[in-house]
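One structure below.
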There are 2 protein chains.
Amino acid sequence: MVLCRIYIFGNVTERMNPLKKPVTLHDIAREAGVSFNTVSRALNDKPDINEETKRRVLEVARRLDYRPNRVARGLRQRRTATIGVVVADLANPFFAEVVEGIDRVCTARGYGLLLANTEEDPARELAAVQHLVERQVDGVLLAPTQRDLASLHYLVKKGVPFSLLARFFKDFAAQAVINDDREGARSAVSHLLSRGHRRILFLNGPSYNSSASLRLEGYRLAHAEVGLPVDETLILTTNARMDGGKAAIETALQHSLEFTAVFCFSDYVAFGALRALRRAGKRIPAEMAVMGYDDVAFAELVNPPLSTVRIAKTRLGATAAEALLARIEGTSSLSGERLITLSPELVIREST
Amino acid sequence: MVLCRIYIFGNVTERMNPLKKPVTLHDIAREAGVSFNTVSRALNDKPDINEETKRRVLEVARRLDYRPNRVARGLRQRRTATIGVVVADLANPFFAEVVEGIDRVCTARGYGLLLANTEEDPARELAAVQHLVERQVDGVLLAPTQRDLASLHYLVKKGVPFSLLARFFKDFAAQAVINDDREGARSAVSHLLSRGHRRILFLNGPSYNSSASLRLEGYRLAHAEVGLPVDETLILTTNARMDGGKAAIETALQHSLEFTAVFCFSDYVAFGALRALRRAGKRIPAEMAVMGYDDVAFAELVNPPLSTVRIAKTRLGATAAEALLARIEGTSSLSGERLITLSPELVIREST
DNA sequence: TTGTAGGCGTTATCAT
DNA sequence: ATGATAACGCCTACAA
């Protein structure tokens, strides 16, 4: 592995402008020969103002390329038009797409997006949330690690509105936008059962994760529907990454566990499982069916293309943002709901 | 395709706390029996203060769970400890990883991260930059669309420091952290040539993209090194996404263009090419070699695992952030350099 | 219709 | 060592 060296060419010729002082309301006022709050009125088009002066003021503002100082405005109005976004793992395409959805509605409505990454570490989650609160965000969108409730308690204590992304708590009444993971898992496992599989290995996520527990319910439900008892030895817990899937399959094979299909907590896990299975000489789907979850962009690119459960990721982000903004701005729509559940879609490709 | 319906369960029982007024310096001052700027001194541990009172003040602050209002601080100090990040496409894992690198150094140094997404639209790029400037960010990290210089001129005019991510301009002296794309392409094409390929199709990005033009130079250089003239008909321009690679291969095949290897602008493009080639019955690498660029996480998962050129993505983001912060804070280190170039790494897997 | 005054929560600059 | 006072740029009264 080649070490990355840094090459440096040339040097910046042009000196940065030494942060020239921005034009303020006062500057415009002086230029237009009015008081500075007449300018304020003109710019925020308030009712009480003469059309003619307003026109003149706006003209001057345009000429000087005036830009409001949103920090000052934020201090005065006690709202910053900013929302904090705390995700578990940015490099995970799942969250990247969720954030894209959030960005779309936030920028459309003039809100800024203050981003933080926890890497599934509860301590970082709390630190991030506190930091965001200090920055006076109007609300927070959070994918909690679910190891504890510290950050949520903090938000409640500070009175900052928030919604949860893709995860929720049974015993903590916070708004959450989630995927219907019970149904997603049920339909996936049903599909496998309908193909004749009777021993379906389940590589699930950790039990504190709400998606994992919902998917486990779905797994059981599908079995119950056909009157098949669940063999608990087929339920394994892995970490949510690729190596988790690989490792789980390897140990399962070592212990000569019997199964003809694998249902995975995520596409990532499925990719790992796929590799391990192929390395063990299993042909897919002839000898072994594999099913993922999420439908990240690459699911259709692996070999064979992965069957999976699609989550509407950007939609999830966009919906969460809308619900939160509605709550912040006092709009009605989705504001009061506890759980907003998006329905999943079974995507059958060639791995099952 | 199943339409995604929204199910809504339950209702939020607990009313959000009506944004209780946060504790301020004054509150602490009253509680501790000192003036509010003594409190300020204590908290920012300034020199001129009695140890005893300082201890007392800090104790009160802790008890009341005081948090500084960073908006007020930002207004007063004219620095917000925030940097703006403008990327081209969040859903692209390349940029997601770059942002992860940025996040790591920014949070470590107490900076917040205001994120915006252009989706390669110059108009959105300018709007995003203006928005960030209104929010008084201390600096901007920008992956420019390169269709025009409007946003850069704007930043210069406003005197806001910025660095470019992964792209640069020959004729505009802005700091940029980039990959050595000429060398990356040269080594990739060299490798193909050394395997005996003589007609190497190049699916390149649009020419305004600085990476694309550098990679073209590398393509030519590799040919020159072995004294092979370049057949210009082998150089195609595609959009940087998967469908681009697919479409390009399809037309190339239709026009019965002769080639035994394909070098792609990105892994994404390569994935598309891979599919189109396989659909056309080509065996890889026996009949056709394929090489990508970037080394996104999935490159090793496709079939066959993709040979590619690795860019140190998180490192690129982290380096850019460090350079920018150094410039903002007046630290020496990388601050003055024009181009900071990271060296790529050739990764040979099974597609070549 | 317009201008004046005050304050949002800090930090910085004076006095004391 | 501490306290009063003045910004920072804006908005929201209220007065003219």
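The sequence lines fix the lettering, A, B, ..., with proteins before strands; numbering per chain opens at 1. All values below come from the heavy atoms of this structure, side chains included, with hydrogens, waters and symmetry mates left out.
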**Asked** Does B:R104 come within less than 4.0 Å of B:E97, counting only side-chain N to carboxylate O?
**Response** no
**Request:** Provide, to the nearest angstrom, the distance between the CG atom belonging to A:L43 and the C1' atom belonging to D:dG9.
**Result:** 13 Å
**Request:** Among the candidates C:dT2, C:dA12, D:dA1, find the nucleotide nearest to the side-chain atoms of B:N50.
**Result:** D:dA1
**Request:** Remember a base hit wins even if backbone is also touched, and classify B:K54 as base, sugar-phosphate or nothing at under 4.0 Å, heavy atoms.
**Result:** nothing
**Request:** Return yes if a side-chain donor-acceptor contact under 3.5 Å exists between B:T145 and B:R124, otherwise no.
**Result:** no
**Request:** Using a cut-off of strictly less than 4.0 Å, decide whether B:S35 has a side-chain nitrogen or oxygen near OP1 or OP2 of D:dG3.
**Result:** yes
**Request:** Could you tell me the separation between the CZ atom of B:R73 and the C1' atom of C:dG9, rounded to a whole number of Å?
**Result:** 11 Å
**Request:** Let me know the distance between CZ of B:R30 and P of D:dG3, rounded to the nearest Å.
**Result:** 15 Å
**Request:** Round to a whole Å and report the spacing from CG of B:D45 to P of C:dT11.
**Result:** 12 Å
**Prompt:** Does the side chain of B:T38 get closer than 4.0 angstrom to OP1 or OP2 of D:dG3 through an N or O atom?
**Reply:** yes
**Message:** How many whole angstroms separate atom CZ of B:R41 from atom C1' of C:dT11?
**Reply:** 11 Å
**Item:** Polar contact flag, side-chain donor to acceptor under 3.5 angstrom, A:Q175-A:S163
**Value:** yes
**Asked** Any ion pair linking A:D121 and A:R147 (charged N to carboxylate O, less than 4.0 Å)?
**Response** no
Identify each atom pair where a protein N or O and an N or O of nucleotides 5-8 of chain D are less than 3.5 Å apart, giving names and distance.
from: D:dA7; atom 1: N3; to: B:R76; atom 2: NH1; distance (Å): 3.0
from: D:dC8; atom 1: O2; to: B:R76; atom 2: N; distance (Å): 3.4

**Prompt:** Under 4.0 angstrom, heavy atoms only, what part of the nucleic acid is A:V71 near: base, sugar-phosphate, or nothing?
**Reply:** nothing
**Message:** Less than 4.0 angstrom from a charged side-chain N to a carboxylate O is my criterion; do A:K313 and A:E100 meet it?
**Reply:** no
**Asked** Below 4.0 angstrom from OP1 or OP2 of D:dC11, is there any side-chain N or O of A:S40?
**Response** yes
**Item:** Residue pair A:V98 / A:L165, side-chain heavy-atom distance below 4.5 Å
**Value:** yes
**Asked** Distance check: side-chain N/O of B:Y66 vs OP1/OP2 of C:dG9, anything under 4.0 Å?
**Response** no
**Message:** Could you check whether the side chain of B:R70 and the base of C:dG9 have a donor-acceptor pair of N or O atoms closer than 3.5 Å, going by distance alone?
**Reply:** no
**Fill in**
B:D48 CG to C:dA15 C1', in whole Å, measures 13 Å
**Asked** Any ion pair linking A:R109 and A:E322 (charged N to carboxylate O, less than 4.0 Å)?
**Response** no
**Request:** May I ask you to verify if any side-chain N or O of A:K46 is less than 4.0 angstrom from the OP1 or OP2 atom of D:dC11?
**Result:** no
**Rounded distance (Å) that lies between atom C1' of D:dT12 and atom CG of A:N44** = 11 Å
**Message:** Looking at D:dA1, I'd like to know if its phosphate oxygens (OP1 or OP2) sit under 4.0 Å from a side-chain N or O belonging to B:T53.
**Reply:** no
**Prompt:** Just checking A:L25: base, sugar-phosphate only, or nothing, at a heavy-atom cut-off of under 4.0 Å?
**Reply:** sugar-phosphate
**Message:** Measure CD1/B:I28 against P/D:dG3 and give the value in whole Å, please.
**Reply:** 14 Å
**Item:** Salt bridge B:R55-B:E52, side-chain N to carboxylate O under 4.0 Å
**Value:** yes
